[in-house]
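Report on the structure given below.
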There are 2 protein chains.
Amino acid sequence: MTLGTSQLDTSQPGRGPDASPKLGRKRDHTRDPDILEAALEVLAETGYDGMTMEMVAARAKAGKATLYRRWPSKGELVIDAVACMKRGGFDRDHLPDTGTLRGDLVAMIKPHAVEDGARKMRIMAGLMSMISRTPELAEAARAAIVEPRASANRILLQRAIDRGEISADCDIDNLAMLSQSMAIYRVLVLQKPVNREFFIGLIDGIVLPAVGLGRPQAQRDGNTAR
Amino acid sequence: MTLGTSQLDTSQPGRGPDASPKLGRKRDHTRDPDILEAALEVLAETGYDGMTMEMVAARAKAGKATLYRRWPSKGELVIDAVACMKRGGFDRDHLPDTGTLRGDLVAMIKPHAVEDGARKMRIMAGLMSMISRTPELAEAARAAIVEPRASANRILLQRAIDRGEISADCDIDNLAMLSQSMAIYRVLVLQKPVNREFFIGLIDGIVLPAVGLGRPQAQRDGNTAR
DNA sequence: TCTATACGAAACCAAACAGTTCCGGATATG
DNA sequence: CATATCCGGAACTGTTTGGTTTCGTATAGA
């Protein structure tokens, strides 16, 4: 949904129907961003079940009461935190446009993007146990963590088709998810680092060959080391 | 679910020569297989943190005391259960050999294998939260759940290379993990079913094109359709 | 300055759960 | 039958933790 603004808890005594407080501080939940950020950090470090509200409160230098004033439960807080994690979403207009598919794909692998991706993978790992039991959370995670990159890849591939670089028959949908899938697998299952070389290897070893661009043997060194 | 003497662990028949008790019952932890099986079921259904020893005991129609007589902790039980989950491992000698890579890959997609794979995905999901904090568990899960299929794929690809069907340059390692990666992603993140069509689509849309066999529009009809 | 409000800190409560202990019963051996 | 062992079930303990309440305080508006 929208930011962390669910509905205000109206359990405070004597609140009038008018929502605008005439007196006292009017700033409304200033600490929300800090708390959400803290929740994401703890989530990435300990996973959903290992995470406690006290950890989040301590990390955000807040009190547990503040958390519960704002979110009715731990689950809601996590959903909100994940949903608010929109940063890193690739904007349609800021996508690389190098003229070749390989150039575009490689240009996507900025150090910042890799690092941010690793963080997201860790968050995703922390969510895994809960994700299969909370469709709402699954959707939030999908939209915030993996969909941005997948749709960016989809756009890049579509552009390559439009300019005639690759065939229109290509399985764009699966190809767009490929790097994310393999990255999750690598981090969560193989427990190996996801770095630039890994992505390059994927591009040159699978994606480009799969779209008929062959293996660009001259333009880089061997990645299929065994 | 109802067990009826699983063939998981054959530790009870031939007792060692040394440890033979002279009196009383000599059956040694007969219930172990049932308990391990129950642990896997509960694990798949509720995840590691949601799983309780009482659930496992109840499912196995055993007492909690029996569990703790045999395993020192919940963690140890889970590690053992995962490690004992060897079934479904593809034997090197029972792999399909149809003469073509596509034939072999498609032959791997038996209904039983798909169903079993889905179960393993669920177990893996349940383990996720714990897996990053318990290297021992991570290794057990990798060896029991994903490695068997990956290595089977590797063998199939290698055979295709050996017979000259595909180039030796292919990124075998990544290709062998591809279907597993995409399946995990699909089940856990996309929450869509992993069925035969999905795997066929992967083979025809990505794997075969990536190894230079092109898209087999002519050789098989109706398989790549939606 | 006064006042209402949101805040952080800490105490508190109830439920759930890992792990333990005890006991009656089943069962195989002698 | 006697005995030794293992089992299932249930009661019990101690701890953790989600969630609540209380209270002193900081702050912004009147």
Side-chain angles (χ1 to χ4, degrees), chain A residues 4-6 8-16 18-36 38-39 42-43 46-81 129-130 134, chain B residues 3 5 11-13 15 19-36 38-39 42-43 46-80 129-130 134:
Chain A
T5 318
S6 314
L8 189 60
D9 184 283
T10 57
S11 65
Q12 292 297 325
R15 295 284 301 147
D18 186 0
S20 63
K22 297 280 194 283
L23 297 172
R25 294 165 70 185
K26 74 158 173 285
R27 62 168 164 160
D28 205 35
H29 303 293
T30 315
R31 304 303 316 283
D32 281 14
D34 293 335
I35 294 172
L36 291 171
V42 176
L43 196 54
T46 73
Y48 179 87
D49 310 86
M51 153 184 175
T52 73
M53 296 300 261
E54 278 178 4
M55 284 185 204
V56 177
R59 181 75 59 112
K61 291 192 185 58
K64 267 206 302 181
T66 305
L67 272 62
Y68 282 105
R69 249 175 237 128
R70 191 69 188 76
W71 294 273
S73 72
K74 172 179 164 180
E76 296 282 330
L77 169 61
V78 168
I79 291 177
D80 228 23
S129 61
M130 204 54 184
T134 314
Chain B
L3 17 96
T5 58
S11 62
Q12 79 271 22
R15 293 290 306 156
S20 65
K22 301 284 191 283
L23 297 171
R25 293 165 71 188
K26 73 160 172 279
R27 61 168 163 162
D28 201 35
H29 301 290
T30 314
R31 305 301 316 286
D32 281 15
D34 293 337
I35 294 172
L36 291 170
V42 176
L43 196 54
T46 72
Y48 178 87
D49 309 87
M51 153 184 176
T52 73
M53 294 300 262
E54 278 178 4
M55 285 184 203
V56 177
R59 181 76 59 112
K61 292 193 185 57
K64 266 207 302 180
T66 305
L67 271 62
Y68 281 104
R69 250 173 237 132
R70 187 71 186 74
W71 294 272
S73 73
K74 172 178 165 182
E76 297 282 330
L77 168 61
V78 169
I79 291 177
D80 225 25
S129 61
M130 204 53 184
T134 312

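First the proteins, then the strands, lettered A, B, ... as listed; each starts at 1.
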Quick one: list whatever passes salt bridge (charged side-chain N to carboxylate O under 4.0 Å, His left out) with D34(A), sequence neighbours left out.
-> R31(A)

Give the rounded distance in Å between these two atoms: CG of L77(A) and C1' of dT17(D).
-> 15 Å

Residues that T46(B) engages under side chain to side chain contact (heavy atoms under 4.5 Å, CB included), provided they are two or more places apart = V42(B), M51(B), M55(B)

What distance separates L36(B) CG from D80(B) CG, expressed to the nearest 0.5 Å?
-> 5.5 Å

Would you check if R70(B) and D32(B) make a side-chain contact, meaning some heavy-atom pair closer than 4.5 Å?
-> yes

Atom-pair distance (CG on D32(A); C1' on dA6(C)), nearest Å = 12 Å

Not counting sequence neighbours, which residues clear salt bridge (charged side-chain N to carboxylate O under 4.0 Å, His left out) with R69(B)? List them please.
-> none

Tell me, which of residues 64-76 of chain B have any heavy atom that sits under 4.0 Å from an atom in DNA chain C?
-> K64(B), A65(B), Y68(B), S73(B), K74(B)

Between dA26(D) (C1') and R31(A) (CZ): distance, integer Å = 13 Å

What's the spacing between M53(B) CE and L77(B) CG if we round to 0.5 Å?
-> 5.0 Å

Going by number, which of residues 48-55 of chain B have a non-hydrogen atom under 4.0 Å from DNA chain D?
-> none

Quick one: does T134(A)'s side chain get under 4.5 Å of V78(A)'s, heavy atoms only?
-> no

Partners meeting side chain to side chain contact (heavy atoms under 4.5 Å, CB included) with A38(A) (sequence neighbours left out) | V56(A), R59(A), A60(A)

Residues in salt bridge (charged side-chain N to carboxylate O under 4.0 Å, His left out) contact with E54(A), at least two apart in sequence or another chain | K64(A)

Axis-to-axis angle between the two ends of the helix from dT1(C)-dA30(D) to dG30(C)-dC1(D) (five base pairs per end, rounded to 10 degrees) = 10°

CG of D49(B) to OH of Y48(A): how many Å apart, nearest 0.5 Å?
-> 10.5 Å

